[in-house]
Amino acid sequence: MIERSGRPLLRALAAGLFLIAPILGCGGNSPTDPNGDGDDPSLPAAPVLVTPAGGAQLSTDMPTFTVQNARGFNGPPATYTFQVLTRSGAREIASLPVPAGRGRTTATFTAPLPRGMTLTWKVTASGSTGQVASPVGTFTTPAVECVSAAGPFGKSVIEVSIPACSLQGNAYNDPDEVLGPPNARRLSAQGAPVFVGAGFLSLGERGHVTVDMRGCFVDGPGDDLRIYQAVSSEPVTVYVSGSPNGPFLSIGDREPCGVRSGGGIFSNHCQFDLATGEVAEARYVRLEDGEHYPCAAAQTDSEGADIDAVEMLNRKP
Ligand SMILES: [Ca+2]
Ligand SMILES: [Ca+2]
């Protein structure tokens with residue numbers, strides 16, 4: 001009796017093993033993946049954007065992006081490249097390739113996305129059979145944290161970098177000189193052989209300074225930001241961000257900065273439009289020397305662009 005009753009038990013155990021074998025097995029054979037190569041015919045022909053949902057307002061600037069995998073690109077060795085772009089798609093903000101997951105693939109960028117912007121994203125699956133791209137999705141990042149601050153000028157310096165070679169010769173090294181209203185001035189007599197001035201920061205060869213406006217400025221009509229530059233029309237490169245940690249987006253590359261300001265202001269100026277970088281609003285401004293004159297040959301005590309002040313033209317109320 002023991003032997004006869006044991007056979008059904010063995011048969012039941014054997015049936016059970018067959019049932020769980022597909023779950024434990026490494027090959028992954030299933031009704032939708034008959035040859036076990038990871039290619040699931042029930043998957044869509046192109047990656048499908050899952051999160052963030054279309055038009056989502058995000059509560060974090062480091063979201064997790066998820067797509068449903070495309071047929072033929074399910075699991076390694078396929079890869080998925082996640083791209084975040086400006087609203088128009090013209091400028092890439094970040095890009096990250098990751099190994100394909102099973103069924104779905106996720107990615108989180110290692111740096112925050114720019115705040116206060118509507119951005120687009122798309123994902124391209126790549127494998128031995130080629131590439132296939134998802135449609136384009138849209139989402140909006142968290143608003144910039146704007147401290148309501150009196151006045152349109154720079155409030156504090158959060159970071160400065162001037163090359164050692166320039167620092168050895170520069171006489172205008174105080175970064176706080178870029179704060180407040182324009183106040184650069186000539187101390188030496190007009191026509192004197194050597195210019196002596198005050199009230200500005202010489203950036204040196206490719207040096208930069210980052211200013212917190214505390215208030216925010218927005219992409220309003222025309223130009224949104226004015227930079228006062230004390231000497232000649234030395235060019236300036238300008239980046240902006242909604243966070244001190246960036247990312248900083250370019251709104252002007254080596255723009256000559258020499259428009260006469262008038263009104264008794266010593267410095268010249270140049271102006272920038274947030275629309276250039278498709279930036280809706282920002283709080284932080286990074287000013288970089290655009291002159292690029294070789295420091296070793298400069299032999300001047302005011303090398304690089306000479307920043308006097310930063311002014312918001314279109315302030316956020
Ligand atoms: Ca504008
Ligand atoms: Ca100044």
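First listed ligand is number 1; within each ligand, the first listed atom is number 1. Along the sequence shown, the residues carry numbers beginning at 1.
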Does the T79 side chain pair with the main chain of P99, one donor and one acceptor, at a distance under 3.5 Å? no
Tell me whether [X] has at least one N, O or S atom under 3.0 Å from the Ca ion (ligand 1).
X	answer
D223	no
G222	yes
P221	no

Opening angle at the Ca ion (ligand 2) [O, G199; O, D308; to 10 degrees]: 120°
Are R87 and T138 side-chain neighbours, meaning at least one heavy-atom pair lies under 4.5 Å? no
State, with a plain yes or no, whether a side-chain heavy atom of S202 is found less than 4.5 Å away from one of E303. no
Would you mind naming the N, O or S atom of E177 nearest to the Ca ion (ligand 2)? O
Quick one: which of E291, H269, R254, Q229 gives a side-chain contact (heavy atoms from CB on, under 4.5 Å) with V236? Q229
Classify the ring geometry of W121 against F82: parallel below 30°, tilted from 30° to 60°, perpendicular beyond 60°. parallel
Verify the neighbour count for atom CZ of R315: are there more than 12 heavy atoms of other residues, nucleotides or ligands below 6.0 Å? yes
Of all the N, O or S atoms in D219, which one sits nearest to the Ca ion (ligand 1)? OD1
So which of the N, O or S atoms of D273 lies nearest the Ca ion (ligand 1)? OD1
With rounding to 10 degrees, what does the angle G220:O / the Ca ion (ligand 1) / D224:OD2 come to? 130°
So that I know where these two stand, are F65 and F139 an aromatic pair - ring centroids less than 6.0 Å apart? yes
The Ca ion (ligand 2) reached by Y228 (N, O or S, under 3.0 Å): no
